[in-house]
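For reference, the structure is listed below as structure tokens.
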Amino acid sequence: MGTQPILFIGSGLSQRYFNGPSWVELLQELQSRCPQIPHETGFYLQDGHSLERIGSEYTRYYRDWAWSHRDHFPEELFDARIPGSSYIKFMIKRIFDEITPHSVDDIVNQNHQLEIELLRSVQPHAIITTNYDTFLETIFPDYQPIIGQQILRPDTMSIGEIYKIHGCISQYQDLVFNEEDYEIFMNKKKYLSAKLLTFFAEHPLLFIGYGGNDRNILTILSDIDEIISTDGELIPNIYFVSYNRNLTEHSRPQREKVFFVNEREIRVKHIEANQLNWVLEAFASNKAIENIHPKLLRAMLARMYRLVRTDIPRRSIQVNFEMLQNMLEEDEALPNLYGVTLIDSPSQVNLQYPYSLTQVGQKLGYSGWHDANALLQIVKEDKGVNIKASDNKYHVTIRTGNKSHTQKYSEETITLLAKVRDGLEYTVDI
């Protein structure tokens with residue numbers, strides 16, 4: 001497809017690298033830490049409760065326990081404005097804080113360290129995850145976490161980002177955990193799927209660390225299939241990875257995986273493997289962009305958005321990687337490369353371009369703007385440069401309505417036109 005892959009990463013990866021809990025195991029750990037919960041998790045599962053329903057039950061028990069054992073929780077959580085779910089979510093944060101490695105070097109298994117390096121080498125366009133922990137930020141330190149509903153904001157860059165769609169322990173009060181949280185999430189899921197649809201349509205998508213019956217995956221795949229696929233056709237750019245330690249060279253695993261959602265059949269490509277190295281190597285090969293630097297691309301995109309003007313001068317620009325790195329470090333480097341000035345506030349506009357053309361004429365000893373405009377015409381005919389046609393160090397166009405605008409001029413304009421008036425040698429550098 002000529003584009004970098006998107007990684008969709010589930011809790012199976014955290015389980016693999018640092019024994020992170022599955023959802024059931026997280027509920028079991030939460031139950032063991034709260035003496036107020038009367039039964040083990042299996043008791044509620046026997047009654048047919050969904051995992052998020054059990055989460056709601058535990059949420060209420062944790063709230064009751066917290067108010068009678070305040071020393072187990074931060075004092076700020078006992079403000080009346082704080083949601084009652086904050087206590088169990090704080091405990092979820094504590095659990096993951098206790099077990100999440102602070103660096104890849106903390107992973108004991110050398111084979112897993114190699115896998116992580118191969119995972120990095122994929123250099124994904126973006127990462128999507130339902131995990132709460134922060135280990136992906138450790139693996140991909142140059143990627144920007146986008147947490148929860150932040151994904152719906154228009155100012156995301158869409159590259160070099162980790163979309164944590166169920167929240168993150170760094171903002172634990174907003175975790176999607178219990179039945180109430182999931183109801184809110186599902187109501188907004190269509191907007192989330194629409195936001196991610198461009199990813200799914202334009203990039204290879206690799207699911208790692210998810211079970212085949214994961215509710216989150218089924219609902220999102222259903223939205224994708226509804227828009228992309230027709231009549232149960234195979235979705236060609238979605239790959240679902242299953243880890244099977246018992247796989248041998250004589251095994252014949254299925255090449256497709258079929259999901260059933262609301263009586264609809266969803267077919268994606270299936271990769272079953274007893275080790276992940278070759279899978280990651282395959283997705284790291286033939287990169288659309290060699291040696292991609294996500295942090296640099298994000299910084300450039302953020303600055304480019306501030307330069308979208310059709311009247312900016314068009315010219316060829318030669319750049320090298322050192323120049324690009326400089327742009328990352330200095331906020332004004334990219335505007336300077338394009339020959340424009342970065343202006344963030346009206347006060348700066350007035351400071352840098354304080355004069356109307358009438359005032360320019362008066363500064364030059366004329367009664368109005370006509371003579372100053374005549375000097376600008378001389379510059380255009382003499383040097384082939386129309387100063388008024390673009391934003392530059394001499395002139396800026398300020399839009400004051402849908403069709404109206406005003407022209408402002410800098411001190412450099414007066415210096416330049418004084419030379420033109422007096423018949424002196426001059427150069428124009430815009």
Side-chain angles (χ1 to χ4, degrees), residues 1-14 16 115 118-119 121-131 136 140 143 146 151 158-166 185-186 189-244 247 252-289:
M1 300 182 74
T3 57
Q4 299 299 110
I6 304 290
L7 299 183
F8 211 128
I9 293 178
S11 61
L13 219 64
S14 297
R16 182 174 180 81
E115 278 184 10
L118 290 172
L119 190 64
S121 72
V122 174
Q123 296 181 334
H125 181 89
I127 302 163
I128 307 166
T129 185
T130 51
N131 294 356
L136 286 174
F140 299 96
Y143 285 60
I146 306 296
I151 191 175
S158 298
I159 186 168
E161 296 178 328
I162 303 174
Y163 294 97
K164 312 193 80 168
I165 61 178
H166 282 180
F185 176 80
M186 295 303 287
K189 178 180 62 64
K190 290 289 185 181
Y191 299 101
L192 172 64
S193 296
K195 180 83 172 182
L196 300 179
L197 181 60
T198 302
F199 285 169
F200 301 150
E202 298 179 356
H203 297 264
L205 182 63
L206 182 63
F207 283 89
I208 307 177
Y210 284 101
N213 59 351
D214 190 287
R215 175 184 174 186
N216 304 298
I217 300 308
L218 294 178
T219 54
I220 290 175
L221 281 177
S222 176
D223 290 339
I224 299 169
D225 179 76
E226 185 177 331
I227 299 172
I228 296 179
S229 180
T230 58
D231 300 325
E233 293 179 355
L234 176 74
I235 304 177
N237 59 307
I238 294 182
Y239 299 80
F240 193 93
V241 177
S242 298
Y243 177 72
N244 182 355
L247 207 64
R252 293 293 180 267
Q254 295 293 320
R255 301 297 183 90
E256 295 182 10
K257 192 169 187 68
V258 180
F259 300 91
F260 293 94
V261 183
N262 299 326
E263 299 183 353
R264 293 180 61 223
E265 183 181 282
I266 302 171
R267 296 166 55 211
V268 301
K269 292 182 177 179
H270 187 218
I271 302 173
E272 191 171 357
N274 57 11
Q275 54 95 7
L276 297 180
N277 290 12
W278 70 266
V279 179
L280 298 174
E281 286 173 352
F283 276 84
S285 66
N286 299 318
K287 293 185 179 67
I289 306 175

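Worth knowing before you read on, the calculation uses all heavy atoms, side chains too, and leaves out hydrogens, waters and symmetry mates. Counting from 1, the numbers follow the sequence of the chain as shown.
To the nearest 0.5 Å, atoms NZ (K269) and CD1 (I235) are separated by 11.5 Å. Between T3 atom OG1 and H203 atom NE2 the span is 5.0 Å, to the nearest 0.5 Å. The OG1 atom of T129 sits 8.5 Å away from the CD1 atom of I162 when rounded to the nearest 0.5 Å. Here the CD1-CD1 distance, from I146 to I165, works out to 13.5 Å after rounding to the nearest 0.5 Å. Atoms CD1 and CG, on I271 and N244 in that order, are 14.0 Å from each other to the nearest 0.5 Å. One finds the CZ atom of F283 at 12.0 Å from the OG atom of S121 (value rounded to the nearest 0.5 Å).
Considering only residues two or more places apart in sequence or on other chains, N274 meets the side-chain contact (heavy atoms from CB on, under 4.5 Å) condition with L247. Scored by the side-chain hydrogen bond (donor to acceptor under 3.5 Å, both in side chains) test, E115 finds R16, Y17 as partners (sequence neighbours excluded).
Y163 approaches A126 most closely through the heavy-atom pair CE1-CB, 4.0 Å.
Below 30°, between 30° and 60°, or above 60°: for H270 and F240 the angle between ring planes is between 30° and 60°, a tilted geometry. Aromatic ring pairs are classed by plane angle as parallel below 30°, tilted from 30° to 60° and perpendicular above 60°; the pair F207 and F8 is parallel.
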Do L7 and L119 pass the side-chain contact (heavy atoms from CB on, under 4.5 Å) test, and can you show the C-alpha distance, the side-chain angles, and the key distance before you say yes or no?
CA-CA 10 Å; L7 299 183; L119 190 64; 3.8 Å; yes
